[in-house]
Amino acid sequence: MFRHVRSGSALAIGAATALVLTSCSGGVDADPGFSGCVERPVTCNSGERAEGGEVTWGLDGSWTGWNPVLTAEYTAFTLQVTGPIWPDTGHFDQESEFVLNDGVFAAEPKLISENPVQVEYALNPDATWGDGTPISRDDFVYNWYARSGDDAKCAGCTPYADSSSQVESIEASGSGSTIVITYDEDYSSSEWQYENVLASPAHIAEAEGFDWENDPEDMKASQDYFSETVPTWSTGPFRIESAETGDHVIFEPNPEWAGSTKPTLDRLTLRSFDSVESIITEMRQGNVDGATPTGVTAENIGQLAAEAGIDFSIAPGPGWGHIDLNTANEFLSDNALRTAVFQAIDVEELIDRTYANVQTDAARKLNHLFRNNSEYFEDHLTVTGQGAGDTELARTTLEEAGYDWDADGNLVTELGERVELDFRYADGSPDRETMAELVHYNLADIGVDVELNPFAVADLGTTLASSEFDMISYGWTTAPLYVGNAELYWDSDSAANYGQNEDPELDALLDELASVRDPGEAAEMANTVVQRVIEDAYVLPTVDTPVVIMVSEDLVNVRDNWASQQRALYNVAEWGIRDEDA
């Protein structure tokens with residue numbers, strides 16, 4: 001069974017979740033403003049909105065362009081600054097339910113044929129690109145070419161995922177109000193309804209002189225144009241009034257927005273800051289109204305707790321941390337050594353000394369694809385002892401595989417070679433350093449010498465892409481799309497298979513997973529994939545990384561969303577200033 005492999009952006013996905021944590025005293029409880037989010041995660045902090053008002057939202061990072069289709073720009077920050085204008089099919093809410101974007105679509109995607117797979121999309125008849133131009137078949141075709149990964153359609157394009165590689169044709173009917181996408185005979189996926197089907201507007205590419213449909217080089221040039229050019233178009237509740245790439249973007253309501261929820265804000269500004277501390281300072285001075293930073297320290301939480309007028313909440317975010325091993329390393333090519341390394345690492349201690357300082361109930365992650373509270377969660381990890389910090393078990397594993405220890409207690413192979421590894425992590429965080437030191441001590445207990453080798457945060461992408469590590473700690477952002485994520489993480493041919501694991505049995509399981517159409521059956525198959533990854537001792541999950549949302553108490557309908565890389569901006573049309581008279 002052929003399947004597309006998402007090419008993934010190492011820097012975008014990894015750096016976006018490399019949280020900045022600081023060891024200090026125990027965690028702090030959330031402010032009462034978000035106290036209802038545990039019981040009512042989809043509706044907490046709701047309220048009546050007053051007409052008008054301006055909101056400034058802080059970002060603890062920057063962006064380099066305006067086209068998140070591209071690998072280099074598929075970052076959390078690009079997704080956030082383009083979110084208010086982007087033609088997403090919909091989003092997942094905090095309970096993993098898919099919510100249709102009714103500003104673009106009139107009905108949820110419909111499977112009208114299983115062989116070949118054909119999916120029907122009914123457009124909202126009032127949906128436009130914000131300039132009076134209706135969304136049309138050409139826009140679906142433009143997205144197909146942009147995400148195809150095929151040089152015959154887009155020469156030299158670098159989509160973060162070649163998610164349209166198996167599209168066979170796209171046709172329109174009903175005067176263009178209904179679009180049917182037909183996939184090739186090998187396409188089969190339980191996630192067909194979540195495919196990305198729209199991106200940038202075809203008519204603007206044509207107006208700029210790009211013959212995108214007939215010239216693959218022009219198609220590539222148009223993608224670069226949309227990367228470099230501040231969008232004048234919008235399919236969302238807001239449109240861009242002005243912007244400076246990487247610094248700020250100012251939105252105003254989009255008068256052509258066809259969605260059921262109309263904005264009440266007069267203006268929304270997203271502004272980049274160099275640190276979470278800077279955002280909190282600006283919030284205390286009344287210049288910023290909220291933020292969902294990718295990193296937070298216990299000191300930051302203490303500052304928020306002491307500040308009247310700021311509501312905040314701490315919870316597991318969209319990212320999950322993990323430790324990966326490079327299977328191409330001369331020592332780590334041996335499965336028994338990899339297994340023993342993971343058995344020696346004490347994940348609970350890592351959490352207690354780091355993440356628990358921010359979120360007191362931070363729990364060890366026990367499944368690579370499903371959160372611990374997911375209906376599909378299965379624990380295949382505990383029984384293996386991986387992550388348990390069990391030195392005795394690790395030594396037994398090594399002894400049975402023929403390893404020994406020299407007179408100084410150093411682990412040596414059957415050939416008498418001393419086992420030495422390096423551990424890579426992003427510099428600049430006391431907690432990341434603490435985690436690295438704990439791993440160093442854990443592995444010293446089984447005689448493995450570990451050299452700590454940090455790198456600059458900005459070098460995460462190149463470090464991963466070049467596989468310049470023996471062991472490495474970083475994070476993935478995620479969503480409830482386990483089929484695509486499994487392919488991205490572990491397929492032997494995936495560009496994001498940074499640890500170079502090549503397992504034909506795992507690839508076969510991924511093939512089978514991609515061919516299952518029923519979501520429940522696919523989840524069962526996904527757990528079988530996870531079990532195989534554990535057997536390979538390739539990736540050791542640590543925690544669903546804690547994050548914070550902090551907002552002015554005057555804002556309503558603003559809440560965090562772990563299932564969206566846009567975080568709180570997922571429902572920006574609903575945001576408003578609290579109506580005190582309601």
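Index from 1, following the sequence.
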**Q** So, does Asn485 use its side chain to make a donor-acceptor pair with the main chain of Leu369 at under 3.5 Å?
**A**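 No: the side chain of Asn485 does not pair with the backbone of Leu369.
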**Q** Check the angle between the aromatic planes of Phe238 and Phe251 and answer parallel, tilted or perpendicular using the 30° and 60° thresholds.
**A**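 Rings of Phe238 and Phe251: perpendicular, as their planes differ by over 60°.
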**Q** Can you find a heavy atom in the side chain of Val104 that is under 4.5 Å from one in the side chain of Leu123?
**A**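 Yes. Closest side-chain heavy atoms under 4.5 Å.
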**Q** Please report the C-alpha distance between Asn527 and Gln531 in whole Å, then the side-chain angles of each, then the deciding distance to 0.1 Å, and finally whether the side chain to side chain contact (heavy atoms under 4.5 Å, CB included) criterion is met.
**A** CA-CA 6 Å; Asn527 275 308; Gln531 187 172 9; over 6 Å; no
**Q** Applying side chain to side chain contact (heavy atoms under 4.5 Å, CB included), can you list everything that pairs with Asn143, at least two apart in sequence or on another chain?
**A**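 Side chain to side chain contact (heavy atoms under 4.5 Å, CB included) check on Asn143 returns Arg147, Ser164, Ala199.
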**Q** Please identify each residue that fulfils side chain to side chain contact (heavy atoms under 4.5 Å, CB included) with Arg578, with sequence neighbours left out.
**A**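 Scan of Arg578 (side chain to side chain contact (heavy atoms under 4.5 Å, CB included), adjacent residues dropped) gives Asn45, Val556, Glu580.
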**Q** Any chance you could lay out the side chain to side chain contact (heavy atoms under 4.5 Å, CB included) test for Val197 and Ile179, step after step, and finish with the verdict?
**A** CA-CA 10 Å; Val197 294; Ile179 307 295; over 6 Å; no
**Q** With a 6.0 Å cut-off (strictly less than), is the heavy-atom count around CD of Glu48, excluding the residue itself, greater than 12?
**A**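 Atom CD in Glu48 is not packed in, count stays at 12 or less.
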**Q** Does Pro519 offer a backbone N or O that forms a donor-acceptor pair with the side chain of Ser190 under 3.5 Å?
**A**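 Between the backbone of Pro519 and the side chain of Ser190 there is no qualifying donor-acceptor contact (under 3.5 Å).
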**Q** Any luck finding a side-chain donor-acceptor pair between Tyr183 and Glu195 under 3.5 Å?
**A**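 No pair is found: no donor N or O on one side chain lies under 3.5 Å from an acceptor on the other.
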**Q** Would you call Gln566 and Asn561 a side-chain contact if the rule is heavy atoms closer than 4.5 Å?
**A**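 Contact flag for Gln566/Asn561 side chains = no.
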**Q** Rounded to the nearest 0.5 Å, how far apart are CD of Glu241 and OG1 of Thr269?
**A**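 Answer for the CD-OG1 pair, Glu241 versus Thr269, is 8.0 Å.
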**Q** Do the ring planes of Trp66 and Trp63 sit parallel (below 30°), tilted (30 to 60°) or perpendicular (above 60°)?
**A**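 The rings of Trp66 and Trp63 stand perpendicular, inter-plane angle above 60°.
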**Q** When rounded to the nearest 0.5 angstrom, what distance separates CG in Asn287 from OG1 in Thr281?
**A**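 Those atoms lie 10.5 Å apart.
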**Q** So, Ser494 side chain and Leu488 main chain: donor-acceptor pair closer than 3.5 Å or not?
**A**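 Looks like yes, one N/O pair under 3.5 Å.
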**Q** Without swapping roles, check the side chain of Asp131 against the backbone of Trp233 for a donor-acceptor pair under 3.5 Å.
**A**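 No, the answer is negative, given that no donor and acceptor are paired below the 3.5 Å cut-off.
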**Q** Can you tell me which residue pairs pass the salt bridge (Lys or Arg N to Asp or Glu O under 4.0 Å) test with a partner in residues 354-374, sequence neighbours excluded?
**A**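 Every salt bridge (Lys or Arg N to Asp or Glu O under 4.0 Å) pair that includes a residue of residues 354-374, provided the two are not neighbours, is Lys365-Asp544.
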**Q** Ala243 and Ile240: which non-hydrogen atoms are nearest, and at how many Å?
**A**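 Looking at all heavy atoms of both residues, the closest pair is CB-CG2, 4.1 Å.
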**Q** Which residues pass the side-chain hydrogen bond (donor to acceptor under 3.5 Å, both in side chains) test with Asn571, not counting sequence neighbours?
**A**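 Per chain and number, Asn571 pairs via side-chain hydrogen bond (donor to acceptor under 3.5 Å, both in side chains) with Glu574, Trp575.
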**Q** Atom NZ of residue position Lys110 - does it have more than 12 heavy atoms of other residues, nucleotides or ligands inside 6.0 Å?
**A**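 At most 12 heavy atoms, drawn from other residues, nucleotides or ligands, come within 6.0 Å of this atom.
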**Q** Can you name the closest pair of heavy atoms from His322 and Thr542 and give their distance?
**A**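 Nearest pair, atom of His322 first, then Thr542: N-OG1, 3.6 Å.
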**Q** Using every non-hydrogen atom in the two residues, find where Ala298 and Val358 come nearest and quote the distance to one decimal.
**A**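 Smallest heavy-atom distance, with atoms named: N-CG2, 3.9 Å.
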**Q** Has the side chain of Asp289 got a donor or acceptor atom that lies under 3.5 Å from a matching backbone atom of Thr56?
**A**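 Yes; at least one donor-acceptor contact below 3.5 Å.
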**Q** Using the ring of each side chain (for Trp, its six-membered ring), is Trp476 parallel, tilted or perpendicular to Tyr489, with breaks at 30° and 60°?
**A**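 Tilted, since the angle between the ring planes falls between 30° and 60°.
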**Q** When rounded to the nearest 0.5 angstrom, what is the spacing between CD1 in Ile549 and OG1 in Thr292?
**A**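 Those atoms lie 6.0 Å apart.
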**Q** Heavy atoms, side chains only, cut-off 4.5 Å: are Pro84 and Trp257 in contact?
**A**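 Not touching, per the 4.5 Å side-chain cut-off.
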**Q** If only atom types and distance count, is the side chain of Asn367 paired as donor or acceptor with the main-chain N or O of Glu378 below 3.5 Å?
**A**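 A pair under 3.5 Å: yes.
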**Q** Under 3.5 Å, is there a donor-acceptor pair between the Ser46 and Arg559 side chains?
**A**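 Present: a donor and an acceptor within the cut-off.
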**Q** Is a side-chain donor or acceptor of Gln303 paired with a backbone partner of Ile280 at a separation under 3.5 angstrom?
**A**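 No; judged by distance alone, with no hydrogens or angles, the pair does not exist.
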**Q** Which atom pair, heavy atoms only, marks the closest approach of Tyr160 to Pro68?
**A**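 Minimum heavy-atom separation between Tyr160 and Pro68: CD2-O, 3.4 Å.
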**Q** Applying salt bridge (charged side-chain N to carboxylate O under 4.0 Å, His left out), name anything that partners Glu54, two or more places apart in sequence or on another chain.
**A**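 For Glu54, no residue satisfies salt bridge (charged side-chain N to carboxylate O under 4.0 Å, His left out) once neighbours in sequence are set aside.
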**Q** Taking all non-hydrogen atoms of both residues into account, name the closest pair between Glu521 and Val516 and its distance.
**A**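 Glu521 and Val516 have their closest heavy atoms at CB-CG1, 3.6 Å.
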**Q** Locate the shortest heavy-atom distance separating Ala568 from Trp57; write the atom from each residue and the value.
**A**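 Residues Ala568 and Trp57, closest heavy atoms: CB-CZ2, 3.8 Å.
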**Q** Is there side-chain contact between Tyr74 and Gln565, with at least one heavy-atom pair below 4.5 Å?
**A**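 Answer yes - side chains close enough.
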**Q** How long is the gap from CZ on Phe77 to CG on Leu270, to the nearest 0.5 Å?
**A**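 Here the rounded value is 11.5 Å.
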**Q** Please step through side chain to side chain contact (heavy atoms under 4.5 Å, CB included) for the pair Trp562 and Val547, ending with a clear verdict.
**A** CA-CA 9 Å; Trp562 70 268; Val547 292; over 6 Å; no
**Q** How many angstroms lie between CD in Gln359 and CD1 in Ile301, if you round to the nearest 0.5 Å?
**A**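 Here the interatomic distance stands at 10.0 Å.
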**Q** Is a donor on one side and an acceptor on the other found under 3.5 Å between the side chain of Asp554 and the backbone of Ile577?
**A**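 Checked: no pair found.
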**Q** Taking side chain as C-beta onward, heavy atoms only, is Met550 less than 4.5 Å from Val276?
**A**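 A side-chain contact under 4.5 Å exists here.
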**Q** Going from OG on Ser564 to OH on Tyr570, what distance comes out if it is rounded to the nearest 0.5 angstrom?
**A**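 With rounding to 0.5 Å, OG (Ser564) is 9.0 Å from OH (Tyr570).
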**Q** Take the angle between the ring planes of Phe140 and Tyr121 and call it parallel below 30°, perpendicular above 60°, tilted in between.
**A**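 Geometry flag for Tyr121 against Phe140: tilted rings.
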**Q** Between Ile534 and Val530, is there a side-chain heavy-atom distance shorter than 4.5 Å?
**A**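 With C-beta onward as the side chain, the pair touches.
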**Q** Taking salt bridge (charged side-chain N to carboxylate O under 4.0 Å, His left out) as the definition, give me every residue that meets it alongside Glu252, ordered by chain and number, with sequence neighbours left out.
**A**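 Scan of Glu252 (salt bridge (charged side-chain N to carboxylate O under 4.0 Å, His left out), adjacent residues dropped) gives Arg239.
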**Q** Less than 4.5 Å apart, side chain to side chain, heavy atoms only: is that true for Phe98 and Thr89?
**A**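 They are in contact (side-chain heavy atoms under 4.5 Å apart), so the answer is yes.
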**Q** May I ask you to test the Leu350-Ile323 pair for a side-chain heavy-atom distance under 4.5 Å?
**A**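 Touching, per the 4.5 Å side-chain cut-off.
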**Q** Does the side chain to side chain contact (heavy atoms under 4.5 Å, CB included) test come out yes or no for Phe34 and Val551, once each step is laid out?
**A** CA-CA 10 Å; Phe34 286 104; Val551 302; 3.6 Å; yes
**Q** Keeping Thr264 on the side-chain end and Gly52 on the backbone end, is there a donor-acceptor pair under 3.5 Å?
**A**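 Not at all, since once roles are kept as given, no pair shorter than 3.5 Å links the two residues.
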**Q** Without swapping roles, check the side chain of Asn300 against the backbone of Thr297 for a donor-acceptor pair under 3.5 Å.
**A**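 It does hold such a pair.
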